Amino acid sequence: MAITELPERKNEVVKSSDAFVAPDINSFGKSFRDYNAESERQKSVEEFYRLNHINQTYEYVKKMREEYKKLDRVQMSIWECCELLNEVVDESDPDLDEPQIQHLLQTAEAIRKDYPNEDWLHLTALIHDLGKVLLLPKFGELPQWAVVGDTHPLGCAFDESIVHHKYFKDNPDSKNPAYNTKNGIYIEGCGLENVMISWGHDDYMYMVAKENGTTLPEAGLFVIRYHSFYPLHKEGAYKHLMDKQDEENMKWLHIFNKYDLYSKSKVQVDVDKVKPYYLSLINKYFPAKLKW
C-alpha cells in the first residue's frame with residue numbers, strides 16, 4: 001500500500017468551535033510532566049529514567065532495531081493490539097496510572113472533537129502507543145526503560161533538557177568522544193530519519209505500521225515515531241538535525257502533543273460506543289492482520 005499524501009490546504013486546519021480545553025493539573029492533582037513533585041509516583045519515575053539513561057546506548061538501539069524489524073512474533077489486528085493494552089501501565093508517566101487503552105481513546109476522542117475532518121489523525125492518536133505491547137511476554141517482555149518514557153538521540157551529545165539528565169554520566173556512550181559533540185556522528189540538517197533515537201514503543205510502532213503497508217500520511221507516521229521526543233518538540237533541542245520534511249511534519253506533532261499530554265484523565269471513554277468508528281478507520285488505513 002502506498003503512503004497517503006496530506007491534501008494541500010490554503011489555510012490552517014479549522015478546528016471545531018467546541019474545542020478541547022487543556023486542564024491545568026493531572027489526575028494526581030499535580031502539574032503535567034512535573035518530574036520534581038514529591039510523591040511515591042515521582043520516585044519510581046526517577047528510577048525509571050536512571051535505568052533508561054544508563055542502558056540506552058547506540059549499540060543497544062542498533063541491536064533492537066535489527067531484532068524487531070523481523071516482525072516475526074505475532075500476527076494480529078490493530079484492535080486486538082489495542083485490547084492487549086488493558087494489561088499495560090506506563091511506569092514512566094507521572095500523570096496517569098490508568099490502563100493504556102483509556103489513554104489512547106482519550107487522546108483520539110479529544111482530537112476528533114477539535115479536528116473532525118482529519119480522520120487519519122484520529123487513528124494516529126488511537127495507535128500511537130500500541131508499541132507498549134513490548135512489555136508483554138509474547139513481544140519479548142522488555143523492561144520498562146526499553147519501552148516507555150521520553151526518547152532522545154544516540155550518537156551525539158545528551159542535551160541538558162532531557163529529563164533527569166544527570167544519570168547519563170553512567171552511560172557508556174558518554175565516554176565516547178565521537179558521541180559527545182553537538183552533531184556527534186551526524187551532519188547538520190541530515191534529517192531525523194537518519195538519526196538513531198533511543199529504542200522504545202515509538203520506533204517499534206512506526207516500524208510495524210510502515211512495514212505492514214499502512215496508508216496513513218507521512219505526518220501520521222512522524223507523530224507515531226517522535227511523539228515521545230520531548231527534548232525536540234517541547235524544549236527545541238536537536239532542531240539542527242532536522243530537514244525540511246521534518247519541519248513540515250513537526251507542525252502536526254505540535255498539534256497532536258497537546259492532546260497526548262493533556263487529555264489524560266480518570267474519566268473513562270465508553271469503548272463499546274466508539275469502537276465501530278475506530279474499526280472503520282483501521283479498515284481504511286491498515287490491512288486486516290499485521291505482523292508484529
Side-chain angles (χ1 to χ4, degrees), residues 32-33 35 45-69 88 90-95 100 103 107 124-125 127-135 140 142-168 171 173-174 179 182 184-186 190-210 219-242 246 249-250 252-254 256-257 260-261:
F32 283 90
R33 286 182 59 83
Y35 291 93
V45 169
E46 180 167 349
E47 174 60 13
F48 160 85
Y49 276 108
R50 186 185 72 82
L51 294 172
N52 175 280
H53 293 350
I54 292 172
N55 291 296
Q56 290 271 4
T57 65
Y58 187 93
E59 288 302 318
Y60 173 78
V61 176
K62 183 179 178 182
K63 181 184 75 172
M64 297 306 281
R65 281 188 176 185
E66 291 172 354
E67 179 178 340
Y68 278 91
K69 195 170 185 178
V88 173
D90 184 343
E91 292 180 2
S92 74
D93 191 343
D95 298 320
Q100 288 296 299
H103 168 53
T107 306
T124 297
I127 70 172
H128 76 280
D129 275 348
L130 289 190
K132 291 180 180 179
V133 293
L134 288 171
L135 294 166
L142 297 183
Q144 290 262 340
W145 60 260
V147 179
V148 298
D150 293 2
T151 57
H152 55 271
L154 286 307
C156 59
F158 299 118
D159 191 84
E160 290 189 1
S161 66
I162 300 172
V163 172
H164 295 303
H165 177 274
K166 61 187 177 182
Y167 294 118
F168 283 120
N171 184 302
D173 286 1
S174 68
Y179 297 162
K182 182 179 179 180
I185 62 173
Y186 307 111
C190 64
L192 297 181
E193 169 69 25
N194 298 304
V195 177
M196 191 76 80
I197 305 293
S198 54
W199 175 253
H201 70 282
D202 302 51
D203 218 22
Y204 177 58
M205 188 58 211
Y206 163 80
M207 189 182 295
V208 168
K210 189 163 186 177
L221 291 172
F222 185 91
V223 167
I224 291 168
R225 193 174 197 183
Y226 300 112
H227 69 273
S228 299
F229 193 179
Y230 277 86
L232 173 67
H233 63 72
K234 183 176 186 292
E235 305 297 339
Y238 301 107
K239 284 185 176 180
H240 60 286
L241 299 176
M242 295 170 64
D246 293 331
N249 289 331
M250 185 60 71
W252 287 102
L253 181 51
H254 280 139
F256 170 83
N257 179 247
D260 184 25
L261 180 59

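The structure presented is a predicted model; accordingly, all values stated were derived computationally and were not measured.
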Checklist outcome for this item: Tightest non-hydrogen contact, residues Pro153 and Val195, listed as CB-CG1, 3.8 Å
Next on the checklist: With a 4.5 Å cut-off on side-chain heavy atoms, are Tyr60 and Asn55 touching?
Outcome noted: no
Item to check | Distance, nearest 0.5 Å, that separates CD of Glu160 from NE2 of His165 | outcome: 5.5 Å
Item to check | Close side-chain approach of Val148 to Phe48, heavy-atom, < 4.5 Å | outcome: yes
Checklist entry - Would a line drawn from the ring center of Tyr167 to the ring center of Trp145 be shorter than 6.0 Å? => result no
Checklist entry - Of all heavy-atom pairs between Ala125 and Thr107, which one has the smallest distance, and what is that distance? => result CB-CG2, 3.8 Å
Next on the checklist: Tell me whether Glu47 is salt-bridged to Arg50, with the criterion being a basic N under 4.0 Å from an acidic carboxylate O.
Outcome noted: yes
Item to check | Which atom of Phe229 lies closest to which atom of Ile197, heavy atoms considered | outcome: CE1-CD1, 4.0 Å
Item to check | Where Gly149 and Tyr49 come nearest, the two heavy atoms and their spacing | outcome: CA-OH, 3.4 Å
Item to check | Euclidean distance, Asp203 CG relative to Met64 CE, rounded to 0.5 Å | outcome: 11.0 Å
Checklist entry - So, does His240 use its side chain to make a donor-acceptor pair with the main chain of Lys182 at under 3.5 Å? => result yes
Checklist entry - Looking at side-chain heavy atoms only, is the closest gap between Leu154 and Tyr179 below 4.5 Å? => result no
Item to check | Derivation and outcome, side chain to side chain donor-acceptor pair (under 3.5 Å), residues Thr151 and Asp202 | outcome: CA-CA 9 Å; Thr151 57; Asp202 302 51; 4.8 Å; no
Checklist entry - Mind checking whether His227 and Asn257 have side chains closer than 4.5 Å, heavy atoms only? => result no
Checklist entry - Out of curiosity, Asp129 CG to Asp260 CG, how far, rounded to the nearest 0.5 Å? => result 6.0 Å
Checklist entry - Taking Gln56 for the side chain and Trp199 for the main chain, is one N or O donor matched with an acceptor at less than 3.5 Å? => result yes
Item to check | Reported OH-to-NZ distance for the pair Tyr68 and Lys63, which is rounded to 0.5 angstrom | outcome: 10.0 Å
Next on the checklist: I need the minimum non-hydrogen distance between Leu232 and Ala237, along with the two atoms involved.
Outcome noted: CD1-O, 3.1 Å
Checklist entry - Side chains of Met250 and His233: does their closest heavy-atom pair fall under 4.5 Å? => result yes
Next on the checklist: Using the rule given for side chain to side chain contact (heavy atoms under 4.5 Å, CB included), can you reason through Lys234 versus Ser161, listing the C-alpha separation, both sets of side-chain angles and the distance that settles it, and then say yes or no?
Outcome noted: CA-CA 9 Å; Lys234 183 176 186 292; Ser161 66; over 6 Å; no
Checklist entry - Aromatic rings Phe168 and Phe158: how do their planes relate, parallel, tilted or perpendicular, breaks at 30° and 60°? => result parallel
Item to check | Pairwise side-chain contact, Tyr230 with Leu261, heavy-atom cut-off 4.5 Å (strictly under) | outcome: yes
Checklist entry - Could you go step by step and tell me if Met207 and Lys69 meet the side chain to side chain contact (heavy atoms under 4.5 Å, CB included) rule? => result CA-CA 7 Å; Met207 189 182 295; Lys69 195 170 185 178; 3.7 Å; yes
Checklist entry - Got Asn52 and His152 here, is their nearest side-chain heavy-atom distance under 4.5 Å? => result yes
Next on the checklist: Given 3.5 Å as the limit, does a donor-acceptor pair link the side chain of Tyr226 with the main chain of Leu192, or not?
Outcome noted: yes
Checklist entry - Under the 3.5 angstrom rule, does the side chain of Asp173 hit a backbone N or O of Tyr58 as a donor-acceptor pair? => result yes
Checklist entry - So do Met196 and Glu59 actually touch side chain to side chain, heavy atoms under 4.5 Å? => result no
Item to check | Residues His53, Ile162; criterion side chain to side chain contact (heavy atoms under 4.5 Å, CB included); working and verdict | outcome: CA-CA 10 Å; His53 293 350; Ile162 300 172; 3.8 Å; yes
Checklist outcome for this item: Separation between CG (Asn194) and CD1 (Ile185), nearest 0.5 Å, reads 10.5 Å
Checklist entry - Between CD of Glu193 and CG of Asp246, what distance do you get to the nearest 0.5 Å? => result 9.0 Å
Checklist entry - Between Thr124 and Ile224, is a side chain to side chain contact (heavy atoms under 4.5 Å, CB included) present by the stated rule, with each step listed? => result CA-CA 7 Å; Thr124 297; Ile224 291 168; 4.0 Å; yes
Checklist outcome for this item: Cys156 and Leu241 have their tightest heavy-atom pair at SG-CD1, 4.4 Å
